[in-house]
4 protein chains.
Amino acid sequence: MLKKTLSRREREKLRQRRDMLAASLELFSEKGYHNVSMQEIAERAEFALGTLYKFFKNKEDLYKTIIAEQADRFHEVLTNAMEEGDDEIEKLRNFVRTKGTMFINDVSVVRLYFAETQGASFNIKAGLDKQILENIEQDLQQLARIFESGIEKKRFRKIAEPYYLAVSLNSLTDAFLLLWLEAPERHPYPENPDVILDILCKGLLE
Amino acid sequence: MLKKTLSRREREKLRQRRDMLAASLELFSEKGYHNVSMQEIAERAEFALGTLYKFFKNKEDLYKTIIAEQADRFHEVLTNAMEEGDDEIEKLRNFVRTKGTMFINDVSVVRLYFAETQGASFNIKAGLDKQILENIEQDLQQLARIFESGIEKKRFRKIAEPYYLAVSLNSLTDAFLLLWLEAPERHPYPENPDVILDILCKGLLE
Amino acid sequence: MLKKTLSRREREKLRQRRDMLAASLELFSEKGYHNVSMQEIAERAEFALGTLYKFFKNKEDLYKTIIAEQADRFHEVLTNAMEEGDDEIEKLRNFVRTKGTMFINDVSVVRLYFAETQGASFNIKAGLDKQILENIEQDLQQLARIFESGIEKKRFRKIAEPYYLAVSLNSLTDAFLLLWLEAPERHPYPENPDVILDILCKGLLE
Amino acid sequence: MLKKTLSRREREKLRQRRDMLAASLELFSEKGYHNVSMQEIAERAEFALGTLYKFFKNKEDLYKTIIAEQADRFHEVLTNAMEEGDDEIEKLRNFVRTKGTMFINDVSVVRLYFAETQGASFNIKAGLDKQILENIEQDLQQLARIFESGIEKKRFRKIAEPYYLAVSLNSLTDAFLLLWLEAPERHPYPENPDVILDILCKGLLE
DNA sequence: GATGAATGAGTTTTCATTCAT
DNA sequence: GATGAATGAAAACTCATTCAT
């Protein structure tokens with residue numbers, strides 16, 4: 001879809017939609033799905049309540065749209081990050097670094113990300129969309145293939161199945177992000193991705 | 001307090017309380033705090049609505065009681081597990097094994113555990129009690145001391161600060177528990193704790 | 001009813017009943033009918049909830065019993081007061097003095113008295129009993145007869161119908177009692193009944 | 001604020017508010033605060049429950065608004081009445097006449113007035129607003145000044161302190177209003193204010 | 001097309017009353 | 001006969017959603 005083909009009207013609509021989603025994201029992230037009212041969202045976004053319903057058919061739809069859009073953006077950036085880099089280690093470094101950067105620049109999203117991926121999504125009526133779960137799965141698969149490739153090239157020892165290695169690295173980055181979220185000063189997300197990677201790479205035992 | 005000293009009345013009360021907490025735990029775990037009504041809980045527990053309020057002063061109190069009781073049980077068992085074992089590796093094995101066993105025997109709790117610890121607790125008005133956060137922190141500290149001791153004894157390489165190693169191992173077990181929760185058949189929680197521990201211990205790089 | 005004919009059991013019952021009524025009177029007077037629960041009354045009276053219901057068939061019955069008993073006591077004392085005294089003025093003095101003394105000794109009752117007689121009784125489902133209204137009416141009639149007699153004997157000028165004079169004197173004492181209730185220090189109920197009576201007797205105009 | 005400056009929307013809002021207050025006044029007056037539900041008020045006013053809550057933040061707010069508005073109106077009218085008239089007697093006549101007229105035209109208000117001023121306000125959680133008590137006190141003070149002025153000019157005998165004379169006259173009008181309220185046919189509120197005033201003015205004793 | 005007032009179902013909570021022990 | 005635990009009807013209040021303007 002070329003931008004040039006969008007009429008002023010259409011561009012305006014997109015801008016409104018973006019504003020609504022931004023306001024909702026903030027509020028949901030601050031207070032949680034059930035502690036935010038549609039009225040509140042409308043006010044924060046500076047639109048009328050009815051206008052909100054012109055864009056999203058109900059509260060759940062609005063919420064899911066946010067999650068879906070963020071997940072897509074997230075997915076795209078991560079996919080690209082994992083493709084860049086000359087060797088496997090470099091790709092893993094890119095994964096760790098990019099995931100950190102992305103989240104730290106967008107605190108609101110982190111909270112929702114954890115709420116959703118770590119099993120609290122049952123707080124909202126319906127679980128995550130198939131689409132989103134697939135995104136996440138794809139990221140893990142892509143990460144797994146990096147590990148697999150490393151193992152094939154004898155660069156990595158096969159200390160676990162590639163998929164589990166992917167899950168592990170993902171959970172390590174999550175853990176560091178949570179620490180940062182709770183106490184940004186005391187537990188900054190490491191600038192050097194090796195701090196996290198080494199936990200996986202170096203082997204604890206002498 | 002010896003059971004024998006409890007009157008029939010008192011024992012009956014305890015049983016009722018337990019039934020109520022059990023019903024609530026199930027429902028909160030299935031549907032989330034905000035999607036469960038007190039009426040629903042009363043029905044599931046087979047008590048009248050008013051009786052529920054005789055035992056818990058309001059919905060939040062009921063919820064927090066569940067979380068607190070489970071967190072205490074959890075904390076106690078884990079603390080003990082980490083104390084047993086002759087050397088550091090054995091203690092870590094006990095941690096991984098016990099955490100798995102405990103959760104797998106009580107699926108309802110896992111869901112709430114993740115909802116609460118992974119940042120979704122903001123879905124309920126008040127966050128986690130100080131007490132519970134302290135429990136969790138204590139577990140991590142205890143785990144960290146095991147790593148520290150291993151490093152001092154030159155059994156472990158210091159691939160990261162002990163506290164971060166503790167956080168890492170904890171997040172790895174969480175990740176495997178989540179996998180199991182999503183697809184118990186495909187991703188059983190490993191009976192042999194080394195499957196998880198090795199990810200930390202063996203070192204990926206050749 | 002001779003006291004001697006009452007068995008110990010019966011005397012005990014009467015004492016319990018009195019205790020219950022006393023506790024209820026206190027509470028109703030402090031907080032108003034709707035802001036007092038039967039549970040609360042039972043606790044204050046140090047009886048079990050069920051026992052309360054053995055004595056009074058429901059909350060309204062309990063309330064009405066209090067009102068009726070106090071009204072009876074009130075009526076009896078006032079009737080006697082108005083009978084004593086050698087002339088009309090003395091009888092009126094006795095009325096004013098006795099009404100004051102009685103209320104001031106029993107603050108709880110005053111509040112209920114005003115709540116009931118001044119038209120707030122509609123706050124409770126049913127209005128005042130016929131019996132009580134009749135009591136009040138009788139008092140007014142008796143007072144009216146005193147005025148009437150005074151007029152016949154040419155001691156009083158007929159500045160209004162005797163009944164309205166009765167109502168007037170009654171309302172004057174009520175007004176002074178209300179003042180005292182609001183600010184006992186600033187507006188003590190006059191020890192000398194003439195302070196009130198004079199307002200009626202002396203005539204404002206020169 | 002000129003009516004012309006109100007938009008149709010605003011006028012509509014005012015009308016709705018008035019309708020709600022009118023329905024509430026009726027119901028509270030008929031049955032008392034605690035025997036009226038918000039649902040009932042909504043039905044009587046022919047609005048949805050939620051609409052009621054758009055206008056008044058809760059039941060107590062609704063009640064207090066009624067009381068406050070009526071008290072203000074009452075206060076204003078009485079103040080003016082007491083200012084008109086050439087001499088003291090005329091001012092007192094105006095007070096007695098106006099108070100009667102106002103109440104007789106608005107029976108619902110009388111009931112609430114008595115419920116509130118005669119000490120039953122403790123039936124509702126919060127007592128009367130400071131503002132309202134001040135209104136009442138101001139009226140009494142103004143009345144007292146009239147008596148004082150009359151005494152200074154030697155038109156009145158000082159049969160009691162001016163403030164107590166004010167309280168007395170006020171209580172006399174209240175008494176006649178209560179009589180009328182109970183039996184309008186038998187005890188009409190006197191058209192000629194002297195019927196009430198004479199009780200104070202003429203002096204009972206020969 | 002935008003608006004936001006109006007709606008009412010659904011939720012939490014209280015408390016008078018009953019009745020098994 | 002006393003007890004007080006259990007009951008559930010009823011009340012206050014919220015908020016997602018609709019629809020007339």
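Residue numbering restarts at 1 for every chain, and letters A, B, ... go by the order of the sequence lines.
- Between Tyr33(A) atom OH and dC15(F) atom C1' there is a gap of 12 Å when expressed in whole angstrom units.
- Of the two residues near DNA chain F, Gly50(B) and Gly50(D), the one whose nearest nucleotide lies more 5' is Gly50(B).
- In summary, Arg17(B) and Glu12(B) do not engage in a salt bridge, as defined by a charged side-chain N under 4.0 Å from a carboxylate O.
- Remark: Gln16(B) is in phosphate contact with dA6(F), judged by side-chain N or O atoms under 4.0 Å from OP1 or OP2.
- The nearest whole Å value for the distance from the CG atom in Leu52(A) to the C1' atom in dG1(E) is 15 Å.
- Closest contact between the side chain of Tyr53(A) and the listed nucleotides dA6(F), dA16(F), dT12(E) involves dA16(F).
- With distances taken from any side-chain atom of Asn58(D) to the nucleotides dC13(F), dT7(F), dT3(E), the minimum falls on dC13(F).
- Base pairing of dT21(F) is made with dA2(E), judged by Watson-Crick or G-U wobble geometry with both donor-acceptor distances under 3.5 Å.
- In this structure, Ile41(C) atom CD1 and dT17(E) atom P are separated by 11 Å, rounded to whole Å.
- Residue order along DNA chain E, read from the 5' end via each residue's closest nucleotide, puts Phe55(D) first among Phe55(D) and Val36(B).
- Distance Tyr63(A) OH to dA16(F) P: 15 Å, rounded to the nearest Å.
- Under 4.0 angstrom from either OP1 or OP2 of dT7(E) there lies at least one side-chain N or O belonging to Thr51(D).
- Among the nucleotides dT7(E), dT3(F), dT7(F), the one closest to any side-chain atom of Ala48(D) is dT7(E).
- With a 3.5 Å ceiling on both atom-pair distances, the Watson-Crick or G-U wobble partner of dT14(F) is dA9(E).
- Side-chain atoms of Lys59(C) come within 3.5 Å of backbone atoms of Tyr33(C) as a donor-acceptor pair (strictly under, hydrogens ignored).
- The existence of a salt bridge linking Asp106(A) and Arg73(A) is confirmed by a sub-4.0 Å separation between a basic side-chain nitrogen and an acidic carboxylate oxygen.
- Taking atom NZ of Lys54(B) as the reference point, atom P of dA16(E) lies 11 Å away to the nearest angstrom.
- Closest approach to the Met38(C) side chain among dT12(E), dA16(E), dT18(F) is made by dA16(E) (side chain taken as heavy atoms from C-beta onward).
- In this structure, the NE2 atom of His34(A) is 12 Å from the P atom of dC15(F), given to the nearest Å.
- The CG atom of Asp61(D) sits 14 Å away from the P atom of dA12(F) (whole-angstrom rounding).
- Counting to the nearest Å, the C1' atom of dC13(F) and the CZ atom of Phe56(D) are 16 Å from each other.
- Between His34(B) and His34(A), the ring-plane angle classifies as parallel under the 30° and 60° cut-offs.
- Distance from the side chain of Leu49(D) is smallest for dC13(F) among the nucleotides dA2(E), dA6(F), dC13(F).
- Here Lys13(D) lies out of heavy-atom contact (under 4.0 Å) with every strand.
- Among the atoms of the strands shown, only primed sugar atoms or phosphate atoms (P, OP1, OP2) are found under 4.0 Å from some heavy atom of Ser37(B).
- Contact annotation for Glu12(D): no contact, since no heavy-atom pair falls under 4.0 Å across all strands.
- The pair Glu60(D)-Lys64(D) counts as a salt bridge, with a side-chain nitrogen and a carboxylate oxygen less than 4.0 angstrom apart.
- Residue Glu43(C) is out of contact with every strand shown, counting any heavy-atom pair closer than 4.0 Å.
- Contact check on Glu26(C) versus Arg111(C) returns no salt bridge, with no Lys/Arg side-chain nitrogen under 4.0 Å from an Asp/Glu carboxylate oxygen.
- For Lys59(B) and dT12(E), the shortest distance from a side-chain N or O to OP1 or OP2 is below 4.0 Å.
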